Amino acid sequence: AEASAIATMVSAGERSIDVVLTVCDTDDLATSCGGCRQKIREFAHPGTLIHAAGPDGIRKTYTMDELLPDSFGPEQLSG
């Protein structure tokens with residue numbers, strides 16, 4: 001779902017993610033998979049908020065840096 005949301009965002013001309021909300025219908029805390037974390041990171045900044053929610057609401061909030069520490073992002077690319 002995250003990849004589709006990002007593709008839609010980019011198609012609409014947006015290039016920056018400030019907040020993400022993921023919702024999983026489970027009793028356990030669930031977050032984005034590694035591939036989706038990297039896709040989010042490519043359009044996010046280290047302080048972007050990632051909210052992990054379930055049927056009962058937000059269960060935990062992370063910054064991008066907490067969810068994907070020491071990540072590769074657009075600032076590592078030159079020109």
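Please read these numbers as outputs of a predicted model, since none were measured by experiment. For this chain, numbers begin at 1 and follow the sequence in order.
Both M64 and V10 belong to a common hydrophobic cluster when Ile, Leu, Val, Met, Phe, Trp and Tyr are linked at side-chain heavy-atom distances under 4.5 angstrom. Taking hydrophobic clusters as Ile, Leu, Val, Met, Phe, Trp and Tyr residues chained together by side-chain heavy-atom distances below 4.5 Å, M9 does not share a cluster with V23. Under the 4.5 Å side-chain contact rule for hydrophobic residues, F43 and F72 do not share a cluster.
Minimum heavy-atom separation, P55 to C24: CD-O, 3.5 Å. Residues I17 and T48 come closest through the heavy atom pair O-OG1, 3.0 Å. In plain terms, the two heavy atoms of T63 and P46 that are nearest each other are CB-O, 3.6 Å. When all heavy atoms of S32 and E2 are compared, the closest pair comes out as OG-OE2, 2.6 Å.
In this structure, Y62 and L68 have side chains that are not in contact, with every pair of non-hydrogen atoms separated by 4.5 Å or more. Between H45 and D18, the closest side-chain pair of non-hydrogen atoms falls below 4.5 Å. Contact of the T31 side chain with the I50 side chain is not registered, since no non-hydrogen atoms from C-beta on lie closer than 4.5 Å.
Tested against H51, the residues T22, V19, V20 include a single side chain to side chain contact (heavy atoms under 4.5 Å, CB included) partner, V19.
Atom CG of D56 has more than 12 heavy atoms from other residues, nucleotides or ligands within 6.0 Å.
Formation of a donor-acceptor pair under 3.5 Å by the R59 side chain with backbone atoms of A52 is not found in this model.
Taking a cutoff of 4.0 Å between a charged side-chain nitrogen and a carboxylate oxygen, E75 and R41 qualify as a salt bridge.
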